[in-house]
Amino acid sequence: MPEGGSESEWFAGPVRSLARPWREELARRLAAVDALHPEERDAVLEAGHTALLRSLHAKLSRLFLIELHALRMAGGAEPGAERAGAGSDTQTWAAFIELAGEEGYLDKLTGRYPSVGARIASVARLSVAATTTFAERLAADRALLRPLLAGPAGRMGAVAFGAGDSHRGGLTVSRVDFADARVMYKPRPSEADVALGALLDELFADFPGAPATDERIRVPRTLAREGYGWAEFVHHRYCADDTELAAFYRNMGHWLAVLRFCGGTDMHAENMIATGPVPVIVDAETLFDAPAPFPPSGRGDAVDVAAAAIRRTVLRTGLLPVRGTGFALGGVDISGVGALPGQQPLIPSPVIADGGTAAARFQVDLVTMPTAANHPSPTPVLSAYWDRILAGFREMTAHLRRPGVDPYRLLSRFEGARARRILRPTQAYVDIGRMLWHPASLHDEAAAVERARDILRRNAEVLPGAPTDRAAIDAEIADLLAGDVPMSGFTVDPTAVRNTVEDWRTADFALEESVIQDALVGAYLNERSLPARVQAAARDPHGGDRERRRRALAAQLVRRLCDGAVRGEDGTVTWISPVFTPAGWSIRVLPADLYTGQGGVALTLAEYVAEARAGRADEVPGVAEAFEGALRVLISTEDRTPTPSAGAFSGAASQVWTWLALHRVLGEDWLRERAAGRALLLEGPLVDDDVEVDLLNGAAGGIVPLLNLAAATGQDRWLGAAAHIGRRLAGGATVDARGARWTTRLNPEGIGGFAHGTTGIGWALARLALSEAGSAAERRDWNQLAELAFAYQESLWQPEHGNWLDVRIGAEEDFFTSWCHGSAGIGIGMLDLHRRTGDPARLDTAHRAARACAAEGFGWSHTLCHGDLGLWQFLTSLDFGDPGGLDGEILTSLEQRGPVGGLAREAFSPSLMSGLSGVVHTLLRMHRAARLPDPLLLD
């Protein structure tokens, strides 16, 4: 790599040669801006030239790499140069750089790339024009910038172009440095920023207990000019103490309320700067959003009603965590309040590998997501301040809704301002733009343009509101060909104001508050810290009058579960909730899975119906109807939406297990047949291409449900499918002196534990070894590999702590007692194997796990996955302690504080593994005669 450089400089010489005439053109045009000092013109020239070089290098690197390899294949530039095998040949590289830097080099390539010259000229022409326009505007407006700088502007020392995407002819937000201050140049209409600032001034003028002016939410001071503007530079500052942190998150709640009122969207991390206790929104162009109606999903009216409700909520502001689903940003949270360090997956980034040699090539590396300036502390603990966000939202919403407030008058100040409408994700434009600059596209531009049209048309089919007509799509492509991200705007008029006010007035604010609570879970990829106890364990827990209390709580909570449903006119039923996916937590209509999805809720309702019929639960009106409606949605969701993984809780295996469990509860043959139909998914790419590996999300989760299906149907094909998974796990294991472990997407070094780690994978292999799957030799190998997995788990045992170390990357605690990552899960798995094999070593492990769990005790969340319910199930199954006392802990805590979730705490979640359905399931299971399916063991 060039000294002090980066990948972007590998072809710096050839790019400079291409850009030289455009630098000269820019210098000529800047010379005509008389009001700039010569040193200022030089600074603008260098900044504009640098921006052009960066743009051209990004667009042309692939072309240069292909031509480098063409030269290498041809034998180099001089006799004796090595041919294709010269992977480290620096002579060929040097020869190519010299050749590509010659004047007229690209002219020689017009046969292969007929459009490249015109395309480069277009990009350069727009860049020169944008830079010149900036210089002219700076010269004309210098005296007007004083209010933004707290003094006269003085001489400009530097300018940095290229903050954010370029639009409308190479225009970018830019930072201008003067001697003692900075200002931001925004080459877009800025009246909306001014109007938003005025709205905030009026709202806080009579706000109860209003914070000081320098402690409340605001936008930068802005000077709006014709078609562009200048804005105050906002300095990032971390909060000084807990008081400022609490104020910051209260202010975030104020922003949520104001943006919901204004129809704001796209307020992601880069559009917000934390300056002490004040989150400042620095780009307010996406207001008065009107969500486009989606076509019917085919999953039922309840799903469509729920999806429409979500699209109307504060979730669309962009402030609340939402995880990306595309390839480039899969699992990434870019929200204004989220994007937490340590809670982002690595993202793919194209880089030039082996630069400086003839083997130079593009490859995709996984890199850390850049950190924005939206955080109020270097290590933000968002979960500690969720109540402040909600409180801020409530008080600002109440202020806006108080008697005498005229929302039309408040928003009429925006009329005439230009606003931006996001019609497609920016990443979609970036990906298509990169494709249009690929050498294959430069070789046949017409074919590339047609391909881009097709992609944009198909994108619009799943993204209502995106352009569909040929003229609009061609305009988007024209921008992309010139290197710009297309931008769509509109002028705010009385109709836009009226629609926004009506949308706000008819909002379901109870749902809005629930969405805020639920969505904040999405900031966390995984629960790597123990959520704070709501209080200590139950006060004076007791097991007296157990059966009456159990039945009463089960009836109360199943009624709450039904009351929280979204119902369609066609009788379908679903829920809105945080759901766990391989990409992390996200708030949405329930997917089909067992963990947080429709499957787990439908199973719980079926269990309640069956237990009520058996006389072990009280009759509750409407439960049977809710089950029937939920089952219809489950079927249509499985049939119409892609299954994301193979896993036993989030993927295809969860569907197989759920239908088998429903068959066990209800006894209807078609349910077993449905399980077999879903098992077909475990014979294809979901297993072969799996990168998750673990029980919850990955291929290992398929083994036990397939063994169950083989037993239920008597069909050996399912044993074969399970054996195939066993072979894949064997081939992917890392074995060393500590034992065996598996690389996962979130934990590339491998971890212990049941749901996500080595213990669960080893347990699945041990179960496979006990079956009739595979050959006798394979079963011996699977058993041996399971032993190595348990050896790795044992290497994490810490005798002085009486528990197993949690080695997850980013874990804030060393020891957990949960089912998912802690001793409860380890104990449950080992107890199961002891009962199947009689192995005393497994029982010893289970007893050690029980002692670890008992030492930690109760008082966390009421969840099966990571709370008291999983602990209760393990300890009662082991007969560890007094059953009445264990039941009393759960019953008393539910009576005293109601059901409490994990990170979401009081947020409503209907789910089986992390929410209300798990509580109902456990209460039903408490009856000693109940014989319900066991999701924790996939039994």
Side-chain angles (χ1 to χ4, degrees), residues 146-148 150 190-224 229-232 234-235 237 239 243-244 246-264 267 271-288 314 317 319 336-337 376 388-417 419 492 494 496-498 500-505 507 509 512-513 516:
R146 184 175 186 129
L148 307 181
S190 296
E191 289 80 8
D193 301 79
V194 175
L196 182 56
L199 172 64
L200 295 174
D201 289 342
E202 181 171 348
L203 290 177
F204 281 102
D206 58 352
F207 188 81
T213 302
D214 60 352
E215 294 180 355
R216 67 163 175 83
I217 61 174
R218 65 183 185 89
V219 295
R221 296 189 304 276
T222 300
L223 171 66
W230 304 91
E232 159 200 11
V234 178
H235 293 269
R237 174 175 79 80
C239 289
T243 299
E244 284 199 342
F248 177 89
Y249 288 109
R250 178 194 179 204
N251 280 330
M252 290 298 296
H254 290 167
W255 265 128
L256 281 170
V258 171
L259 291 172
R260 179 64 182 88
F261 177 63
C262 298
M267 302 302 173
N271 282 348
M272 177 169 288
I273 295 177
T275 175
V278 181
V280 181
I281 285 181
V282 296
D283 195 347
E285 59 180 337
T286 48
L287 302 175
F288 297 90
V314 285
T317 64
L319 284 181
V337 74
R388 303 288 181 151
I389 296 175
L390 191 59
F393 177 79
R394 284 171 173 162
E395 63 185 3
M396 179 56 77
T397 298
H399 186 59
L400 285 163
R401 298 179 74 194
R402 71 193 190 280
V405 173
D406 181 358
Y408 294 100
R409 185 190 64 79
L410 288 175
L411 294 183
S412 64
R413 57 173 39 94
F414 288 91
E415 290 179 14
V492 179
V497 170
R498 182 171 60 255
T500 298
V501 169
E502 290 308 305
D503 178 69
W504 177 77
R505 275 185 164 168
F509 284 100
E512 301 276 353
E513 292 182 12
I516 292 172

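We're numbering straight along the sequence, starting at 1.
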Interatomic distance, CZ@Arg260 vs CG@Leu400, rounded to 0.5 Å, equals 11.5 Å

When rounded to the nearest 0.5 Å, the distance separating OG1 of Thr222 from CG of Leu196 is 9.5 Å

Residues passing the salt bridge (Lys or Arg N to Asp or Glu O under 4.0 Å) test with Arg498, sequence neighbours excluded, are none

Taken in chain and number order and not counting sequence neighbours, the residues that satisfy side-chain contact (heavy atoms from CB on, under 4.5 Å) with Arg409 are Glu202, Asp406

Item to check | Check: Leu199 and Leu410 side chains under 4.5 Å, non-hydrogen atoms | outcome: yes

By side-chain hydrogen bond (donor to acceptor under 3.5 Å, both in side chains), Arg394 pairs with (sequence neighbours left out) Glu513

Smallest heavy-atom separation, Val497 atom then Glu415 atom, equals CG2-CG, 3.9 Å

Atom pairs and distances, side-chain donor-acceptor, residues 206-214, under 3.5 Å, sequence neighbours left out:
unit_1	atom_1	unit_2	atom_2	d
Asp206	OD1	His399	NE2	3.3
Asp206	OD2	Arg402	NH2	2.8

One should read off an interatomic distance between Thr317 OG1 and Trp255 CH2, to the nearest 0.5 angstrom, of 11.0 Å

side-chain hydrogen bond (donor to acceptor under 3.5 Å, both in side chains) filter on Trp230, not counting sequence neighbours, yields Asp141

Smallest heavy-atom separation, Pro407 atom then Val501 atom, equals CG-CG1, 3.8 Å

- Query: Is the side chain of Asn251 donor-acceptor paired with the backbone N or O of Pro277 at a distance under 3.5 Å, no angle test?
  - Reply: yes

By salt bridge (Lys or Arg N to Asp or Glu O under 4.0 Å), Asp283 pairs with (sequence neighbours left out) Arg188

Between Gly263 and Thr500, the two heavy atoms sitting closest are N-CG2, 3.8 Å

Separation between NE2 (His254) and OH (Tyr249), nearest 0.5 Å, reads 15.5 Å

Sequence neighbours excluded, the answer for side-chain hydrogen bond (donor to acceptor under 3.5 Å, both in side chains) partners of Glu215 is none

Residues at least two apart in sequence or cross-chain that pass salt bridge (Lys or Arg N to Asp or Glu O under 4.0 Å) with Glu395, listed by chain then number, are Arg250

Ala192 and Ala284 have their tightest heavy-atom pair at CB-O, 3.8 Å

Those residues at least two apart in sequence (or on a different chain) that pass side-chain contact (heavy atoms from CB on, under 4.5 Å) with Ala246 are Tyr385, Arg388

When every non-hydrogen atom of Ala496 is compared with those of Phe288, the smallest separation belongs to O-CD2, 3.9 Å

Interatomic distance, CG@Leu256 vs CD1@Ile389, rounded to 0.5 Å, equals 7.0 Å

Residues at least two apart in sequence or cross-chain that pass side-chain hydrogen bond (donor to acceptor under 3.5 Å, both in side chains) with Arg237, listed by chain then number, are Glu244

The single option from Ile217, Ile273, Val337 that satisfies side chain to side chain contact (heavy atoms under 4.5 Å, CB included) with Pro279 is Ile217

Contacts of Thr397 meeting side-chain contact (heavy atoms from CB on, under 4.5 Å) (sequence neighbours excluded), chain-then-number -> Ala257, Phe393, Arg401, Phe509

When every non-hydrogen atom of Gly264 is compared with those of Leu287, the smallest separation belongs to CA-CD2, 3.8 Å

- Item | Audit row: Val492, Arg413, side chain to side chain contact (heavy atoms under 4.5 Å, CB included) steps and yes/no | CA-CA 10 Å; Val492 179; Arg413 57 173 39 94; over 6 Å; no

Across all chains, not counting sequence neighbours, the side-chain contact (heavy atoms from CB on, under 4.5 Å) partners of Val280 are Arg218, Pro220, Val234, Thr275, Val278, Val282

